[in-house]
Amino acid sequence: MVSELGFVFLTLTLVLSSLSFAQLSVKGLGFEVFNFSQVKLTNAIFFFTLTSFICLTYSFLDSDFTLDVISKNSNSQLPLIYKFTGVWGNHEGSILLWLLVMTFFGFLFSSSSLVSPTFKDEVLKVQNSLCFLIVSFIVFTSNPFQKSFPPPVQGADLNPLLQDPGLAIHPPFLYMGYVGFSIIYSISVAAMTEQSNHFLKILKPWVFMSWIFLTCGIGLGSWWAYYELGWGGFWFWDPVENASLLPWLTASALLHTIVIADKKKILVNWTIALSILTFILSLLGTFLVRSGVLVSVHAFANDPTRGVYILLLLASISFYGIFKFINHQKQNQENFHIKLISREGMISLNNIFMLSIAFTILIGTIYPLFSSVLFNTKISVGAPFFNSILIPVMFPFVFGMILGPFTKWNRDDLLLILNRIKILLLSLILFSLITWYINFRDPVLSIIFIILGGCIILSSLFEFLQILRNKNRLIKIPKKMIAQILAHSGIGLLIIGATGSSILKEEKIQFQEIGESISIKDFNVEFIGVKKVEGPNYLSQMGEFKIIQNNKLLTILKPEKRFYNSGKQVTTEAAIYSRFSGDLYIALGEVHENKTQWTTRIWFNPYTLWIWIGVIFLASGGLFSWFNSLKKRK
């Protein structure tokens with residue numbers, strides 16, 4: 001009965017959202033036949049979607065195997081937390097979560113008292129129309145309430161890789177970022193009917209909010225991949241990973257552009273264009289993940305019908321946004337000239353670099369698909385290609401990040417800038433020489449990138465000290481300056497962390513005898529043995545390794561190989577010992593024929609922890625900017 005109610009509420013969402021879609025379509029043809037209260041429609045759509053999602057969640061917790069999605073992605077042995085996260089650990093449930101987040105953002109916007117009723121009505125009309133397209137996709141191709149008869153006695157299993165606490169927080173954060181750009185799209189499309197630029201103050205908090213969630217979602221995803229997949233790394237240039245990085249890059253460009261647009265009343269069209277592009281890239285990521293065109297540990301669906309529908313959905317939303325933008329630009333052409341040596345010039349230059357990176361990653365991600373379809377040739381584009389793109393761009397990018405904060409608006413002089421930061425420049429030169437001297441045995445590329453990351457952090461600290469000297473009191477530091485310092489420092493930490501855990505990593509693979517010690521870096525890793533452990537729905541072979549440094553026992557790491565009862569699948573669970581200097585990372589392999597040796601893979605990944613700290617700094621910087629944008633809007 002609960003599942004039937006869930007489908008009824010989902011159908012009501014379809015019906016109500018179709019009213020907004022019909023009204024928008026009729027208005028686009030030049031007619032104004034009927035009108036509805038978009039606020040009331042939005043509230044009802046959110047309530048019905050939330051109720052439908054609750055019904056599906058209850059069905060998962062109750063192990064209602066009459067539903068196809070539950071019989072294929074859950075079983076009675078599954079721990080309660082994974083029954084809950086299993087709601088979005090599949091294609092149908094995750095798309096329903098996508099819809100719930102989209103309706104939630106519409107509900108939040110409808111509750112805002114700082115937006116005029118007319119503009120709010122226009123925004124919600126677009127947002128509810130987007131909801132209609134998504135809910136129609138769910139009802140007609142991906143219905144989570146689809147039943148099978150007779151129902152199976154026992155279900156299959158949730159993908160073992162998804163049976164991890166990280167799944168409880170990673171997808172919701174990622175979706176809040178991905179789908180958050182839907183309201184940004186809606187605001188930007190609605191703003192093209194307005195004559196003023198007031199929409200920029202309305203748009204800015206939503207941009208920061210979505211960017212924060214997407215940053216956290218990507219960070220949590222890379223953290224999950226690092227410890228769960230047992231591959232010893234945090235990023236593999238997987239096409240689905242790229243799909244989440246693309247909107248993050250364009251959203252980062254949008255963050256900077258909207259600051260210029262709001263302050264100087266220029267680049268308004270660029271702000272609208274980036275808003276539309278970012279949501280289009282979010283939809284493209286959905287197509288890549290759920291169409292079946294990509295083979296990935298992250299991909300869900302493998303159904304051409306769904307892929308065609310998503311492609312049509314992507315095309316229609318892209319066409320509508322681009323068509324509106326072209327018409328708007330013809331009527332509102334911007335005439336301005338930005339000096340390169342200025343604050344807005346530096347921001348614009350870095351935005352160009354970010355968009356160039358995004359475009360190149362996009363080509364590298366989708367070209368193999370076109371090659372397969374058009375030329376019947378299978379090719380793969382991997383890390384060497386993407387790394388070769390990023391490396392040259394990093395130098396001007398870092399240069400702009402260092403000089404930008406010390407550059408004046410409108411126009412500046414390079415010699416004056418260098419004179420203002422002469423102490424910083426001397427510090428950077430001294431830091432570079434010391435870093436090179438200490439690490440001269442390491443690969444040259446790693447030294448260069450550690451220096452680049454360190455220079456960004458030092459310049460941020462220098463900026464902070466200058467503010468303290470001028471303001472005298474910490475409490476008077478503007479939030480936007482704190483945000484900038486935190487975010488830029490986060491980028492520096494990310495560069496150092498990524499460099500250490502990729503270029504400087506050490507790896508040892510061997511058959512290791514029980515009682516044998518392996519030396520890596522300044523650690524001794526002694527293999528104690530393997531014992532069998534029974535989990536709630538799996539059997540595990542758990543290795544035990546003593547981690548010794550300077551004849552002192554630091555900890556005992558326990559990597560596992562798990563055998564899941566229902567799906568008969570095997571996963572590798574790595575064990576990690578983290579320090580600021582680096583991570584000791586151990587994965588257990590297969591037993592040798594002699595039964596006394598096991599394949600062990602031991603990594604030392606320098607500075608990996610700095611990656612996650614960098615993500616926290618980035619998100620914290622975004623949070624300060626979000627608070628500041630809320631304050632200025634009032």
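Each residue takes its place number in the sequence, starting with 1.
- In this structure, Q127 contributes its side chain and T103 its backbone to no donor-acceptor pair below 3.5 Å.
- The number of heavy-atom neighbours closer than 6.0 Å to CH2 of W237, taken from other residues, nucleotides and ligands shown, is above 12.
- V123 is listed as a side-chain neighbour of F119, based on a closest heavy-atom distance under 4.5 Å.
- In this structure, F395 and I448 have side chains that are in contact, with non-hydrogen atoms separated by less than 4.5 Å.
- The OG atom of S182 sits 9.5 Å away from atom CH2 of W206, with the distance rounded to the nearest 0.5 Å.
- Under the 30°/60° scheme for interplanar angles, the aromatic rings of F319 and F323 are found to lie parallel.
- Donor-acceptor pairing under 3.5 Å is recorded for the side chains of D583 and S578.
- Between the side chains of N439 and S446, no donor N or O sits under 3.5 Å from an acceptor N or O.
- Taking CD1 from I496 and CG from L452, the interatomic distance works out to 9.5 Å, rounded to the nearest 0.5 Å.
- Here W436 and F440 keep their ring centres 6.0 angstrom or further from each other.
- Put simply, OG on S620 and CD1 on I485 are 13.5 Å apart, with the number rounded to the nearest 0.5 Å.
- Open room surrounds CZ on F617; 12 or fewer heavy atoms of other groups in view lie less than 6.0 Å from it.
- The local environment of CZ in F386 is crowded, with over 12 non-hydrogen atoms from other residues, nucleotides or ligands closer than 6.0 Å.
- We find the CD1-OG1 distance between I421 and T407 to be 7.5 Å, quoted to the nearest 0.5 Å.
- No donor-acceptor pair closer than 3.5 Å links the side chain of Y226 to the backbone N or O of T608.
- Under a cut-off of 6.0 angstrom, the local environment of NZ in K265 is crowded, with over 12 non-hydrogen atoms contributed by other residues, nucleotides or ligands.
- Taking the six-membered ring for Trp and thresholds of 30 and 60 degrees, W603 and Y585 have ring planes more than 60 degrees apart, a perpendicular arrangement.
- In this structure, I134 and L130 have side chains that are not in contact, with every pair of non-hydrogen atoms separated by 4.5 Å or more.
- We find the CE-CG distance between M209 and L630 to be 7.0 Å, quoted to the nearest 0.5 Å.
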